[in-house]
Amino acid sequence: MINPDIHKQLFLDDHAVEEMFGVIRTLHKPEKHGPVIKPDSSQGQRSLQSRSVPQWNTDKGMWEWWYWTGYKVPPRGPRKYESIDLMTYATSVDGIEWEKSSLGLFDWNGSKDNHIAYDPEGGDRAIYHIIRDEGEANPERLYKALFGANDRGLGVSPDGFDWTMLDVPPI
């Protein structure tokens with residue numbers, strides 16, 4: 001069971017709430033906010049795609065979100081433009097307003113002033129899903145990820161950025 005007093009959640013379902021005592025259930029009218037995160041066209045971003053959910057980081061006291069951003073790249077054929085999808089990162093204290101701070105990790109278009117979270121030259125070893133395992137005792141394995149378009153390798157990380165591939169059969 002997820003204890004929302006200990007593990008912060010963006011959404012709670014009946015399973016978590018029905019097991020709690022002394023809880024008053026209040027349903028609030030939803031407020032329309034539109035997309036919580038959008039591509040930055042000034043950076044050449046064309047699209048966003050989430051393959052991992054936002055996750056609460058107890059140590060930092062904020063939400064973390066790794067997601068794919070489609071960047072416009074020069075054409076390599078008869079098309080007017082092409083794009084490449086890169087893993088990017090944002091944080092939020094409330095799950096509504098998201099900060100895309102510069103990570104300074106990877107050069108993109110001649111600058112490291114970007115929020116790219118995984119090597120753009122990663123090829124088919126791109127990250128597809130990331131989870132933060134709050135129950136992990138080993139701090140070097142706090143984050144887990146599924147890598148690769150075909151082999152689906154597994155990796156672990158202390159921070160969600162510096163990855164060690166596990167020597168296990170691919171999924």
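These values consider heavy atoms only, across backbone and side chains, with no hydrogens, waters or symmetry-generated copies. Since this is a predicted model, take the numbers as computed values, not measurements.
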For this session: Please report the C-alpha distance between E99 and S92 in whole Å, then the side-chain angles of each, then the deciding distance to 0.1 Å, and finally whether the side chain to side chain donor-acceptor pair (under 3.5 Å) criterion is met.
Result: CA-CA 6 Å; E99 179 76 29; S92 175; over 6 Å; no

For this session: Before giving the answer on side chain to side chain donor-acceptor pair (under 3.5 Å), spell out for Y143 and Q55 the whole-Å C-alpha distance, their side-chain angles and the decisive distance to 0.1 Å.
Result: CA-CA 11 Å; Y143 293 85; Q55 300 168 76; over 6 Å; no

For this session: Give the C-alpha distance, both sets of side-chain angles, the deciding distance and a yes or no for side-chain contact (heavy atoms from CB on, under 4.5 Å) between D119 and W163.
Result: CA-CA 11 Å; D119 189 354; W163 293 94; over 6 Å; no

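Under the 4.5 Å side-chain heavy-atom criterion for grouping Ile, Leu, Val, Met, Phe, Trp and Tyr, M87 is connected to F106 within one hydrophobic cluster. Both I127 and L103 belong to a single network of hydrophobic side chains, linked directly or stepwise wherever heavy atoms of I, L, V, M, F, W or Y lie under 4.5 Å apart. A chain of hydrophobic side-chain contacts below 4.5 Å, direct or via other Ile, Leu, Val, Met, Phe, Trp or Tyr residues, connects L166 to L146. Note on V53: it does not cluster hydrophobically with L48, by side-chain heavy-atom contacts below 4.5 Å among ILVMFWY residues. I116 and V73 end up in the same hydrophobic cluster when Ile, Leu, Val, Met, Phe, Trp and Tyr side chains are linked at under 4.5 Å.
Taking the ring centre of W68 as origin, the terminal cationic atom of R51 falls inside the region bounded by 6.0 Å and 45° from the ring axis.
Looking at T69, its side chain never comes within 3.5 Å of a backbone N or O of Q45 through a donor-acceptor pair. Without hydrogens or angle criteria, E136 side chain to L142 main chain gives no donor-acceptor distance under 3.5 Å. Counting only distance, with no hydrogens or angles, the side chain of D107 and the backbone of S111 share a donor-acceptor pair below 3.5 Å. When atom types are taken as modelled, the side chain of K144 and the backbone of R141 share a donor-acceptor pair closer than 3.5 angstrom.
Here the shortest heavy-atom pairing between P54 and W98 reads CB-CH2, 3.7 Å. Heavy-atom minimum distance, D59 versus R132: OD2-NH2, 3.0 Å. Minimum heavy-atom separation, I96 to D94: N-OD1, 2.8 Å. L154 and F147 get closest at one heavy-atom pair: C-CD1, 4.5 Å. What you find for T58 and E134 is that their closest heavy atoms are OG1-OE1, 2.9 Å. Residues S47 and D85 approach most closely at OG-OD1, 4.5 Å, considering heavy atoms.
S102 and D113 share a donor-acceptor pair across their side chains, judged by distance under 3.5 Å alone. Counting only N and O atoms by type, the side chains of N114 and Y89 include no donor and acceptor under 3.5 Å apart. Judged purely by distance below 3.5 Å, without hydrogens or angles, the side chains of T91 and W65 never pair a donor atom with an acceptor atom.
Aromatic ring centres of Y128 and Y118: separated by at least 6.0 Å. Taking the six-membered ring for Trp and the full ring otherwise, the centers of W108 and Y71 sit less than 6.0 Å from each other.
Inter-residue side-chain proximity for R46 and P39 is flagged as unmet; no heavy-atom pair is nearer than 4.5 Å.
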